[in-house]
Amino acid sequence: SLRTAWNDLREEVQNVLLFGSGDKDITVKYDDGGKFKYQTSKPFEGVIPNMERRFRTTESNWANVTVTGHPTKPTAITLQSNAPSAVSFASPAGNGFNQPIYAILEGNGGDLYFGGNFNSPVSRPARFNTTTQKFTMLRSASSTVYASAKDANGNLYFGGQGNWGTGYEGIIRYNPTTQTYAALGTGLNVGAKVWAIAIDPSGNVWIGGSAITTAGGISVSNLAKYDPTMDTWSNPINMNNSIYALTFDSTGQLYIGGAFTAVGATSVFYIAKFDPATSTVTTLAGSPITASVNALAYDAANDALYVAWSSTANNRPVSRWNNGTSTWTNPTGFSVATEQGWSLCLDAANNRVLVGTDSGTRIYALDRTTMAATTYAGGATAGTFNALTLTSTGDLWAGFSTASPGFTGLASANYTAKYSGGVWSAMTYANATYPTTSTLFQIYSGLTATGTPLVQHAGGTQTYIVSPN
């Protein structure tokens, strides 16, 4: 009803009014009290998308801009060539983020995508060009981003807790080429937390997490599968507790790690293998894992699975499952008995697996042949290493829980750092003046007294007025 106060509307209704209903039809009844009376069902565009479309198509020279995202939150815009040439913006230099990093992913073009709980210098998730040292902020999220994955077509999936708008609860898909977003069906239940995303050989998207009870309206239990071709969700099997890691082997078998003690009707602790074709659960016999599994990495060359887990007293924050022989191999060389494994990164070129932990020297290189661990790159002295990513150029990027992990020669890294050429360095974004064709600007809700939009550069905190000067 038009008489209902905005604050009294449910959040999902507010999101539909502001951002539209996507592909979902909305039934509207029209009655002018006289001649015209009818009912129609069609998707609702939303107030903000309508304003964006009208803003794009305006014939006003200075205001002719392309807007993407939600103007009520930090949003990227591109000023077209017919905008005033005098409009340019200077951004201050800086480094790192203001909150922990939980996920780092390299896109097809070499850009890095960071997920976490940060909102400076841009909001999560964030796209960073390592060559130009510039950010492009993606769709601003009230969600904390815990997981990310890339499919064979280069589409990116971001998962976490919270939403990006109607239909985007818990997870979202981003196309870096078209810079567009898509919901996965109707999304997940409110309160769902996505900790892990994996893409199977057929391109289906598997998610695992905590408190996931519905996916696309289908009842699930912490594990769900999304078919992007059909835009439908399904429930592969019920899990009795949280999932923190997912990965597929070369034959399409799914490995599941987490805090669970049962998969379907099968009693299995913390680590399991699941056959999607037959819905068969296999326990990994002789498992040394006695606590939650936090990360998984599959080594296709050796048909082996590396398992990082919350070890408690045995100097083995990571163990290896040898799939061909159905045996386990435990490591040597970790320095603290209670170290917990939190992240893994396969470095095949150097025959090793990089292991991020929460104590000791925090980051290790584990030899794949001998299973002997050595301190990697001088190690660190503080924080938990939540994410490790080795890029196509051979650089290692790490995300961690503290601003200053204590790298040798690097006093502060602000939650992320790069190891390259034998040196740890902080992420830096450039101090530069960007021209009117830059994609690195954010438009905020509200206008000046004269109707001029306020704009802020994505890399800094300065706000500017776009004016026809």
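Note that the coordinates shown come from a computational prediction; the quantities given were computed from them, not determined experimentally.
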* Between D111 and R127, is there a donor-acceptor pair closer than 3.5 Å when you use the side chain of the first and the backbone of the second? -> no
* Run the salt bridge (charged side-chain N to carboxylate O under 4.0 Å, His left out) check on R352 and D367 step by step: do they pass? -> CA-CA 5 Å; R352 62 191 178 190; D367 188 285; over 6 Å; no
* More than 12 non-hydrogen atoms from neighbouring residues, nucleotides or ligands closer than 6.0 Å to CH2 on W342, yes or no? -> no
* Asked: So, the side chain of N189 versus the backbone of A211: is there a donor-acceptor pair under 3.5 Å, distance only?
  -> yes
* Spatial distance of atom CG (L296) from atom CZ (F248) [nearest 0.5 Å] -> 11.5 Å
* Side chain of T370, backbone of A372: donor and acceptor closer than 3.5 Å? -> yes
* Which pair of non-hydrogen atoms, one from E169 and one from G162, has the smallest distance, and what is that distance? -> OE2-O, 3.1 Å
* Asked: Is there a donor-acceptor contact under 3.5 Å linking the side chains of N322 and R320?
  -> yes
* For the atom pair OG (S335) and OH (Y364), what is the distance rounded to the nearest 0.5 Å? -> 3.0 Å
* **Y255 vs F274 side-chain heavy atoms within contact, under 4.5 Å** => no
* Asked: If you look at every heavy atom in A337 and S311, which pair is closest and at what distance?
  -> O-OG, 3.9 Å
* **Output field: ring centroids Y415/F97 closer than 6.0 Å** => no
* To do: Measure the spacing between CG of L188 and OG1 of T186 and express it to the nearest 0.5 Å.
  => 8.5 Å
* Structure fact -> Nearest heavy-atom contact between I289 and W328 is CG1-CH2, 4.1 Å
* To do: State whether a side-chain donor-acceptor pair under 3.5 Å links S234 with D227.
  => no
* What distance separates L396 CG from I104 CD1, expressed to the nearest 0.5 Å? -> 8.0 Å
* **Donor-acceptor under 3.5 Å (S221 side chain, M239 main chain)** => yes
* Looking at CG of N153 and CZ of R173, how far apart are the two atoms once the value is rounded to the nearest 0.5 Å? -> 9.5 Å
* **Which atom of N315 lies closest to which atom of P317, heavy atoms considered** => C-CD, 3.7 Å
* Closest heavy-atom pair and its distance - T391, T393 -> OG1-OG1, 2.9 Å
* Verify side chain to side chain donor-acceptor pair (under 3.5 Å) between S343 and N386, making sure each step is shown before the conclusion. => CA-CA 6 Å; S343 54; N386 300 318; over 6 Å; no
* Determine, step by step, whether Y174 and T180 satisfy the side-chain contact (heavy atoms from CB on, under 4.5 Å) criterion, reporting the C-alpha distance in whole Å, the side-chain angles of both residues, the deciding distance to 0.1 Å, and the verdict. => CA-CA 6 Å; Y174 174 70; T180 56; over 6 Å; no
* Do any N or O atoms from the side chain of E106 and from the backbone of S392 form a donor-acceptor pair under 3.5 angstrom? -> yes
* Asked: Relative to the ring of F158, is the ring of Y113 parallel (under 30°), tilted (30 to 60°) or perpendicular (over 60°)?
  -> tilted
* To do: Report yes if some heavy atom in the side chain of N351 is under 4.5 Å from a heavy atom in the side chain of T369; otherwise report no.
  => yes
* Any side-chain heavy atom of I256 sitting closer than 4.5 Å to one from I271? -> no
* Structure fact -> Taking every heavy atom of A272 against every heavy atom of V281, the minimum-distance pair comes out as CB-CG1, 4.4 Å
* To do: Hey, can you tell me if W397 and F114 have their rings parallel, tilted or perpendicular (30° and 60° cut-offs)?
  => perpendicular
* Asked: Does any non-hydrogen side-chain atom of Y157 lie less than 4.5 Å from one of D151?
  -> yes
* To do: Quick one: do L254 and L246 satisfy side-chain contact (heavy atoms from CB on, under 4.5 Å)? Show the steps, please.
  => CA-CA 7 Å; L254 175 67; L246 297 169; 4.2 Å; yes
* To do: Begin from the C-alpha positions of Y306 and M371 and carry the test side-chain contact (heavy atoms from CB on, under 4.5 Å) through to its verdict.
  => CA-CA 11 Å; Y306 290 86; M371 283 293 284; 3.8 Å; yes
* **Side chain proximity check, F385 to S401, heavy atoms < 4.5 angstrom** => no
* Polar contact flag, side-chain donor to acceptor under 3.5 angstrom, K150-N155 -> no
* Asked: Does T283 use its side chain to pair, donor to acceptor, with the backbone of A285 at less than 3.5 Å?
  -> no
* To do: Would you check if Y244 and S292 make a side-chain contact, meaning some heavy-atom pair closer than 4.5 Å?
  => yes
* Any luck finding a side-chain donor-acceptor pair between Y270 and N241 under 3.5 Å? -> no
* Does R362 use its side chain to pair, donor to acceptor, with the backbone of T381 at less than 3.5 Å? -> yes
* Scan F400, Y419, Y376 and name whichever one has a ring-ring contact (aromatic ring centres under 6.0 Å, His included) with F407. => F400
* Main-chain N/O of N129 paired with Q133 side-chain donor or acceptor, under 3.5 Å -> no
* Asked: Any side-chain donor paired with an acceptor under 3.5 Å for D395 and S420?
  -> yes
* Side chains of V220 and T213: does their closest heavy-atom pair fall under 4.5 Å? -> no
* **Residue pair K193 / Y146, side-chain heavy-atom distance below 4.5 Å** => yes
* Asked: What's the verdict on side chain to side chain donor-acceptor pair (under 3.5 Å) for N117 and T144, showing C-alpha distance, side-chain angles and the deciding distance?
  -> CA-CA 5 Å; N117 194 36; T144 297; 2.9 Å; yes
* **Single hit among V145, N222, I207, I243 for side-chain contact (heavy atoms from CB on, under 4.5 Å) with V194** => I207
* How long is the gap from NZ on K418 to CG on L410, to the nearest 0.5 Å? -> 12.0 Å
* Between the side chains of N330 and S319, does any donor sit under 3.5 Å from an acceptor? -> yes
* Asked: Between D299 (side chain) and A304 (backbone), is there a donor-acceptor pair under 3.5 Å?
  -> no
* Which of these passes side-chain hydrogen bond (donor to acceptor under 3.5 Å, both in side chains) with Y298: D249, D303, N323, T247? -> D303
* Asked: What do the steps show when you test L105 against T389 for side-chain contact (heavy atoms from CB on, under 4.5 Å), and what is the final call?
  -> CA-CA 7 Å; L105 176 69; T389 294; 5.9 Å; no
* Counting only N and O atoms by type, is there a donor-acceptor contact under 3.5 Å from the side chain of W195 to the main-chain atoms of G258? -> no
